[in-house]
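Reckoned from all heavy atoms, side chains included, excluding hydrogens, waters and symmetry mates. Since the structure is predicted, the reported quantities are computational estimates derived from the model, not experimental observations. To find a chain, count down the sequence lines: A is the first, B the second, and so on, and within it residues start at 1.
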Protein chains: 2
Amino acid sequence: MTRAFNFSAGPAAMPLEVLQQAAAEMTDWHGSGMGVMEMSHRGKEFMSIYAQAESDFRSLLQVPRHFKILFMQGGGIAENAIVPLNLSRGGVVDFVVSGSWSQKSLKEAARYCTPKVAASSQASGFKSLPAPSSWQLDDDAHYVHLCTNETIHGVECHSLPDLKALGSNAPLVIDFSSHVLSRPLDWSRVGLAFGGAQKNIGPAGVTLVVVREDLLGHALPVCPSAFDYRLVADNDSMYNTPPTYGIYMAGLTFQWIARQREGDLSGVAALEQRNIAKAQQLYHCIDHSQLYVNEVDVSCRSRMNVPFFLRGDDGQPLLDAAHPRNAAFLDGAKARGLLQLKGHKSVGGMRASLYNAIPLEGVQALVEYLRDFEKTQA
Amino acid sequence: MTRAFNFSAGPAAMPLEVLQQAAAEMTDWHGSGMGVMEMSHRGKEFMSIYAQAESDFRSLLQVPRHFKILFMQGGGIAENAIVPLNLSRGGVVDFVVSGSWSQKSLKEAARYCTPKVAASSQASGFKSLPAPSSWQLDDDAHYVHLCTNETIHGVECHSLPDLKALGSNAPLVIDFSSHVLSRPLDWSRVGLAFGGAQKNIGPAGVTLVVVREDLLGHALPVCPSAFDYRLVADNDSMYNTPPTYGIYMAGLTFQWIARQREGDLSGVAALEQRNIAKAQQLYHCIDHSQLYVNEVDVSCRSRMNVPFFLRGDDGQPLLDAAHPRNAAFLDGAKARGLLQLKGHKSVGGMRASLYNAIPLEGVQALVEYLRDFEKTQA
């Protein structure tokens, strides 16, 4: 098969240029006589790769100097423990529950602290985001946890809340796994941001943590050293051997992002504009069809993850993954080189993830297929 | 530079064939239309890669069915916490202290249990292994920790102890990070084995854990879910998103190992014979020189990591890394394409790591250089 359009929710499509450069450098990086995988993490070759990746990420997202950028391991699920191990001090933590991921985060945090539900959209099936004005924030909370893009439910927080204006002095912790680098970020409202790399950054196995320096140094005694942010920061992410190749791939991706252009815009701003256009095309197609449905509140629809259902003959969403119409849809998509559109098993249906590496042409091909498939079902 | 001989202690040299195959498959794996990094870990393509890697490792080391093979994240340093979190039950654990790595393991375990030093070779500068007959094993120990190859001090345990014969019923936990797959392993003497991948397996960022099933299910309440062996085992290493590309590279390495031949031997047995020959050549050269010295007891010299010092004009080992003779040695080595020979910063001197991917020709080139350099210093 030639390269397909790959709508996987993660691990996910990567820019072709990045993969090609990695392949070309696999056995000999820049004339060093060795590939990146084979370099000591303490050698000058890898140290230069690391420093460039860190600096490029800082530049792309304009991360202020008083934040540390850490490259860690374990993904978002490990961070669900590592964040409270480092920040909770065993006390109260506020959670905004807006989908499966924040639910998981809350459950795991309960091992180390006293999580409180400040707001939840569970009653409405996670089809909207609780309005910040309705959040019940605890005066004693050590931080407020918010998943700013719920990958499974397709819910995105398009504007970070101003906790100070809501009367809270707690730092905001965001799980930005599935939309990091898809848009600029207002660091004045963030205490810590974390995310697995396998959506917009690079291969699975790298976790990015961006943390305000004043939050370091308060790990609980049971926090493993390898996951103590203070130790990781003091050792430039080399307290334990870092996932060197994943960091290199992330670095190549950062360079690719910096090269992107849309009109006068470049980098993340250019990608944001492109991502808005991509999402608009797909949601427009879904909303104007009789066959497809996305029930997420328009104000918080995700630009990155678009879950949708096909309707049955009765007009209701086909929740049954084994329904012949669902199978026919996926088979037809695959035949056109449109891959990994099956929805998460916990909710069923379909999901198209439109991360940075998906070009506008990929979304156009998908929209065309959606329209053609609908005609066959009339 | 053409491909060098790379003696890094880890991340370390990988077989050229493995790197070339990875490069060739980077943008399209087996006609799937996507690279391995881009695949959902839940899709049938990656599931087949995972299953093959697991099965090949089991076959190479003849791992019995009642052991689970887990692919995790965090490396040996994270396992220093994860092992006691899962196995110690907060009680007593015996440690054999034979070098820097077992020292680190003991220190970290103290967060979760009561570590006891059953034996230590620290007083002699970690130049030998404490004889098993001298170990003071605790009747209440939940396991006995042994680092079977100390990467920094170059000390290897060539025959696993029989704890039952020593009067202990505790399972043996071995850190086999730096010699896994270099020789066969007697699983009847092992309860759990763990190791970072970045020596003989693949890229940094993958950790291999092989654990006897009856040891699962006893994690402490503060163990992060992502590192609870029971959950990891029950989810085929996919409780959190696994480091998919690293697992793929490990799988390619396992296939490469299976193809190795020495006379009638194949696989790990063939590599063991080759590794013995490689180590003998280098130690012989060192022992018969006036310039180089390795002070490790001959009975427990590592086949994988050969630390050595150059002598000064007074005949004493040159501990000062900045000494001109040390610098001249490393510069001359690099000029011949012999890379990453500098010793660990904690001990100084030199270190040649002779992992599986280093061919006999690499050791011959190193020996030739050692002899030539010695002549220049006469």
Side-chain angles (χ1 to χ4, degrees), chain A residues 1-4 6 8-14 16 19-20 22-24 26-28 31-35 37-41 43 73-78 80-82 85 108 111-112 196 198 202-206 221-222 224-227 239-246 249 337 339-340, chain B residues 1-4 6 8-14 16 19-20 22-24 26-28 31-35 37-41 43 73-78 80-82 85 108 111-112 196 198 202-206 221-222 224-227 239-246 249 337 339-340:
Chain A
M1 188 185 273
T2 51
R3 290 275 296 174
N6 171 7
S8 174
M14 294 184 61
L16 180 59
L19 295 175
Q20 287 171 331
M26 181 66 83
T27 62
D28 184 11
S32 65
M34 53 190 169
M37 274 180 220
E38 307 176 291
M39 294 173 179
S40 167
H41 52 300
Q73 298 183 54
I77 290 184
N80 283 343
I82 296 169
L85 276 164
E108 182 78 8
R111 295 176 186 273
Y112 313 105
Q198 65 269 20
V206 179
V222 292
S225 305
F227 305 120
Y239 181 79
N240 57 349
T241 307
T244 51
Y245 198 72
M249 292 301 299
L339 303 185
Q340 308 205 73
Chain B
M1 186 184 275
T2 51
R3 289 276 295 174
N6 172 6
S8 174
M14 294 185 61
L16 180 59
L19 295 174
Q20 286 171 332
M26 182 66 84
T27 63
D28 185 10
S32 65
M34 53 190 169
M37 274 181 220
E38 306 176 291
M39 294 173 180
S40 167
H41 53 300
Q73 298 182 54
I77 291 184
N80 283 343
I82 297 169
L85 277 164
E108 182 79 7
R111 295 176 185 276
Y112 312 105
Q198 64 269 20
V206 179
V222 292
S225 304
F227 304 120
Y239 181 79
N240 57 348
T241 306
T244 50
Y245 198 73
M249 292 301 299
L339 303 185
Q340 308 205 74

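- Distance check: A:E38 CD to B:N6 CG gives 6.0 Å after rounding to the nearest 0.5 Å.
- Between B:I77 and A:Y239, the shortest heavy-atom contact is CD1-O, 3.3 Å.
- Annotation: maximal heavy-atom pairing with chain A below 4.5 Å, among B:G205, B:G76, B:S40, occurs at B:S40.
- Ranked by non-hydrogen atom pairs under 4.5 Å with chain B, the options A:A81, A:A13, A:A22 are led by A:A13.
- Note that OH of A:Y245 is 5.0 Å distant from CE of B:M37, once rounded to the nearest 0.5 Å.
- Take A:F227 and apply the ring pair (Phe, Tyr, Trp, His ring centres under 6.0 Å) test, not counting sequence neighbours, and it matches B:F227.
- Ranked by heavy-atom pairs shorter than 4.5 Å toward chain A, the options B:P224, B:A78, B:G246 are led by B:P224.
- In this structure, A:P243 and B:Q73 have side chains that are not in contact, with every pair of non-hydrogen atoms separated by 4.5 Å or more.
- Interface residue A:A12: only backbone heavy atoms are found under 4.5 Å from chain B.
- The minimum heavy-atom distance linking A:T27 with B:Q20 is given by the pair CG2-CG, 4.1 Å.
- Between chain B and the residues A:S225, A:G35, A:A226, A:G43, the largest count of heavy-atom pairs under 4.5 Å involves A:S225.
- Listed by chain and number, the residues in a side-chain contact (heavy atoms from CB on, under 4.5 Å) with B:T244 are A:P11, A:A204, B:H41, B:F46, B:P242 (sequence neighbours excluded).
- Counting heavy-atom pairs closer than 4.5 Å to chain A, the top-ranked of the candidates B:G74, B:G196, B:A9 is B:G74.
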